Amino acid sequence: HHIRLMMIPKIDLRNYFGIKKLLINSDTLNARQKALFLSLMQGLSSCKKILSFASFGDEIDMWEVNFALAKAEKLFLPRFEGTTLAVYQVSEIAEDLMQSEWGILEPNPSRCPKADIHEMDCALIPGIGFDKNKMRLGRGLGHYDRLLANFKGQKWGIGFKEQHLDCAFPVEPHDVAMDSLYHF
């Protein structure tokens with residue numbers, strides 16, 4: 001069945017991963033959040049500027065990591081600006097974020113300094129799913145692929161074990177591979 005998966009449309013893969021995540025029980029989720037925090041904080045210790053993400057919907061919860069990064073003055077978060085993602089430094093999560101029209105918490109540009117993606121040492125990237133080649137399945141709008149197109153820092157795909165498939169996704173020319181996958 002692995003070979004056939006390459007023929008599955010991305011929309012069906014997104015539905016598949018959505019169902020898999022719904023089946024994770026809350027005790028398992030809590031244990032994995034602790035593992036995520038410890039592993040990422042250790043892995044990121046040498047990084048000075050880190051692009052993270054504001055967890056949305058059923059994405060893995062990054063808030064404990066984000067609060068620790070903000071306290072260490074290392075946190076940068078993306079903000080939708082038209083068809084692109086812009087990067088801003090976030091110091092005070094409670095004061096610096098505002099809700100977008102999609103319900104995602106984003107940096108308030110009147111409070112947060114804009115930054116350049118190319119200054120980041122590491123980018124923590126959400127995905128709906130990840131494959132054996134470290135390719136990422138996103139929401140289909142290409143925001144992260146455009147943001148990371150020429151990014152030279154480390155790209156880490158962050159998610160649950162259930163979001164990983166040991167096969168190859170259909171790949172388009174603009175798709176950007178991750179350097180590492182952190183799956184809990």
Side-chain angles (χ1 to χ4, degrees), residues 17 20-79 85-97 104-107 112-139 143-145 147-166 169 175-184:
F17 285 117
K20 292 266 289 189
K21 283 191 283 184
L22 284 174
L23 300 175
I24 307 170
N25 75 49
S26 60
D27 288 345
T28 303
L29 277 182
N30 291 335
R32 289 188 189 175
Q33 289 299 148
K34 286 191 180 78
L36 167 80
F37 178 77
L38 294 171
S39 181
L40 282 180
M41 294 319 290
Q42 185 177 358
L44 293 168
S45 60
S46 64
C47 297
K48 304 264 186 285
K49 295 183 176 186
I50 300 154
L51 175 66
S52 185
F53 60 94
S55 304
F56 175 69
D58 61 358
E59 289 172 348
I60 199 161
D61 186 339
M62 291 295 289
W63 290 110
E64 190 178 5
V65 171
N66 289 344
F67 274 100
L69 292 177
K71 194 172 177 186
E73 297 181 15
K74 295 180 173 188
L75 179 64
F76 294 78
L77 290 174
R79 174 182 167 80
L85 285 175
V87 177
Y88 290 84
Q89 183 164 15
V90 174
S91 303
E92 297 288 335
I93 287 179
E95 287 88 29
D96 289 351
L97 301 182
I104 301 169
L105 288 174
E106 296 181 332
C112 302
K114 199 169 193 173
D116 184 341
I117 181 67
H118 301 293
E119 295 172 14
M120 303 299 115
D121 302 303
C122 185
L124 310 178
I125 310 298
I128 289 172
F130 300 88
D131 75 3
K132 67 176 186 180
N133 300 321
K134 299 186 178 91
M135 294 306 291
R136 168 186 169 275
L137 178 71
R139 297 185 186 273
H143 289 107
Y144 275 106
D145 293 314
L147 181 68
L148 300 171
N150 301 303
F151 181 61
K152 301 290 185 260
Q154 287 290 306
K155 298 177 289 293
W156 294 0
I158 310 293
F160 297 107
K161 289 176 187 152
E162 287 79 359
Q163 291 175 267
H164 186 268
L165 277 182
D166 191 25
F169 292 160
D175 290 341
V176 174
M178 300 292 103
D179 296 302
S180 304
L181 299 179
Y182 280 73
H183 287 156
F184 298 90

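This structure is a prediction, so every number in the text was calculated from the model and none was measured. Atom set for the values below is all heavy atoms of this structure, side chains included, hydrogens, waters and symmetry mates excluded.
Side-chain contact between K74 and C47: absent, with no pair of heavy atoms (C-beta onward) separated by less than 4.5 Å. Counting only heavy atoms from C-beta outward, the side chains of M41 and L69 approach each other to under 4.5 Å. In this structure, W156 and L44 have side chains that are in contact, with non-hydrogen atoms separated by less than 4.5 Å. Side-chain contact check for F160 versus L29: some heavy-atom pair is nearer than 4.5 Å. For the pair W63 and I93, the minimum side-chain heavy-atom distance is below 4.5 Å. At a threshold of 4.5 Å between non-hydrogen side-chain atoms, the residues M62 and L36 count as touching. Residues L148 and M178 meet the side-chain proximity criterion, which asks for heavy atoms closer than 4.5 Å. Between I60 and Y182 the shortest side-chain heavy-atom distance does not fall below 4.5 Å.
A35 approaches F184 most closely through the heavy-atom pair O-CE2, 3.6 Å. Looking at every heavy atom in both residues, Y88 comes nearest to C112 through CD2-O, 3.3 Å. The two atoms that bring L77 and A54 nearest to each other are CD2-N, 4.0 Å, heavy atoms only. For the residue pair A68 and F37, the shortest heavy atom distance occurs at CB-CE1, 3.9 Å.
Every residue meeting the side-chain hydrogen bond (donor to acceptor under 3.5 Å, both in side chains) condition with E162, not counting sequence neighbours, appears here in chain and number order: R32. Take Q89 and apply the side-chain hydrogen bond (donor to acceptor under 3.5 Å, both in side chains) test, not counting sequence neighbours, and it matches no residue.
With rounding to the nearest 0.5 Å, the separation of CD1 in I158 from CZ in F130 is 7.5 Å. Rounding to the nearest 0.5 angstrom, the gap separating the CZ atom in R79 from the CG atom in L97 is 10.5 Å. One finds the CG atom of D175 at 5.0 Å from the CG atom of D145 (value rounded to the nearest 0.5 Å). Interatomic distance, CE of M120 versus NZ of K155, reported as 14.5 Å (0.5 Å rounding). Separation of atoms CD1 (I125) and CG (L51) is listed at 5.5 Å; rounding is to 0.5 Å. Distance check: F56 CZ to I104 CD1 gives 4.5 Å after rounding to the nearest 0.5 Å.
Residue E92 places its CD atom among 12 or fewer non-hydrogen atoms of other residues, nucleotides or ligands, all under 6.0 Å distant. Heavy-atom neighbours of E95 CD from other residues, nucleotides or ligands within 6.0 Å: above the threshold of 12.
Legend: salt bridge (charged side-chain N to carboxylate O under 4.0 Å, His left out) pairs involving residues 50-67, not counting sequence neighbours, sorted by first then second residue: K21-D58, E59-R139.
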As a quick check of understanding, evaluate salt bridge (Lys or Arg N to Asp or Glu O under 4.0 Å) for D166 and K132, giving each step before the final call.
CA-CA 5 Å; D166 191 25; K132 67 176 186 180; 5.9 Å; no
